[in-house]
Amino acid sequence: MILVIVGPTGVGKTKLSIFLAEKYNAEIISSDSVSIYKNVNIGSAKPSIEETKGIKHHFIDRCSLNEEYSVYNYQTEARKVLNELIDKKKNVVIVGGTGLYIKALLYDYRFTKKTKEDEDFSNFSNLEIKNKILSLDPNNQIHVNNRKRMIRFLNSYEEKDTNNNNINTPLYDFITIGLTTSRDKLYEIINTRVDNMIDKGLLEEASNLFNKGYKKLDYIIGYKELNKYFRKEITYKESIEEIKKNTRKYSKRQYTWFNNQMKDIKWFDTNFIDFNKTIKEIEDYLVSFNIK
RNA sequence: AGAGGUGUAGUGUAAUGGUAACAUUCGGGUCUCCAAAACCUUAGCUGGGAGUUCGAUCCUCUCCACCUCUG
């Protein structure tokens, strides 16, 4: 049995996944592009050792912050782990907020294999790059301003898999559960969660990592804003507000992804006062699939 | 209470006696490897009233709100 748990940040996915993994004697595969890195513990809201209740968690602390790790690596490794667990007839709970990682793992999503060095486009304007693309692919839809995507396209064009039209075809049998809540409630939770992270020592954690100079941190919410504070670009208070704001925006994008890129999600409202009620609803739902 | 100043989008700021702008927030969206990323996009404003004027956000008066100083 493969159970997939999705939803925006802060709704209680981790808690639910551990409960269900314990109940169904499953191992957990995390689909989170940040907690896959070591040392970003508080800011990525990783479960503590006590919280994991001894359940095997894959892809948490998988690599170090100076390693390059992409969705392609994740897809390769996570499928391997997943296949092994299936062979062992082990139940699996896949949980995470990174939609692309989940989709790449479970659907027929194909990435191109790198065979040559990346070309340098720094001397080209966005429009010039776009025109290059159009000469190869007249119907290309990548927006002119999306330089990163355009360059990525050109650097992978030759190896492109032309049969890659199956990104919505699932490769496994799985049940997808979404946890959600009202927008207002979610924003409230995000705001207090950031404050809690600070209480738990996020500032110190971020400061230690900042001093080691990991570039990756400038891409991670909670660290990139504090880095700006450490560089004296903004005040401490401003950095906290930015963390909250960026987390809210992130959660919004997660909704967009899960609503539009993944089908067949059964959504449940999180009951924050009595989480057991949420769990009960989900258990009842799973019974309808003969999962007990 | 008196004197002065300021009122433009949720916020921060432009501009003009003739179609009110930029950033940002909010909302919506895109997605084949930095995805907690990158990018796109809808909407929204001249404090209220009166006057001058063909036409006022701009000039005048008044009310209201806020700020500073004096008491």
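If you're wondering where the values come from, they're calculated on a predicted model, not measured in any experiment. So that the names make sense, note that chain A is the first sequence line, chain B the second, and so on, each numbered from 1.
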Residue mapping more 5' on RNA chain B - nearest nucleotide basis, Gly222(A) or Arg152(A):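 Of the two residues, Arg152(A) wins.
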Nearest-nucleotide comparison on RNA chain B, the residue closer to the 5′ end among Asn145(A) and Lys224(A):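 Nearer the 5' end of the strand: Lys224(A).
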Side chain to side chain donor-acceptor pair (under 3.5 Å) partner of Glu27(A), chosen from His57(A), Lys88(A), His58(A):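 For Glu27(A), the side chain to side chain donor-acceptor pair (under 3.5 Å) check succeeds only for His58(A).
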Scan [X] against the nucleic acid and name what it touches under 4.0 Å (heavy atoms): base, sugar-phosphate only, or nothing.
| X | result |
| --- | --- |
| Tyr101(A) | sugar-phosphate |
| Gly43(A) | base |
| Ser44(A) | base |

Whether Phe289(A) and Tyr285(A) hold their rings parallel, tilted or perpendicular, with breakpoints at 30° and 60°: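 Rings of Phe289(A) and Tyr285(A): perpendicular, over 60°.
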Under 4.0 Å protein heavy-atom contacts per nucleotide of nucleotides 24-31 of chain B, with B for base, S for backbone only and - for none: -SSBBSSB
Polar side-chain atom of Gln261(A) near backbone of Asn259(A) as donor-acceptor pair, under 3.5 Å: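 Such a contact is absent between Gln261(A) side chain and Asn259(A) backbone.
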Inter-nucleotide C1' distance (rU8(B), rC58(B)), Å rounded: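 These two C1' atoms come out 11 Å apart once rounded.
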Nearest-angstrom distance, C1' atom, rU16(B) to rA56(B):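 Going atom to atom, C1' in each nucleotide, I get 11 Å.
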Separation of atom CG in Leu217(A) from atom C1' in rC34(B), rounded to whole Å: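 About 13 Å, once rounded to whole Å.
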Phe153(A) CZ to rC33(B) P, straight-line distance once rounded to whole Å: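 Taking CZ of Phe153(A) and P of rC33(B), I get 11 Å after rounding.
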Axial cation check for Tyr219(A) ring with Lys224(A), 6.0 Å and 45° limits: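 Verdict for Tyr219(A): no cation-pi partner in Lys224(A).
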Check: rC33(B) base within 3.5 Å donor-acceptor of Tyr72(A) side chain: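 It does not, because no donor-acceptor pair links the side chain of Tyr72(A) to the base of rC33(B) below 3.5 Å.
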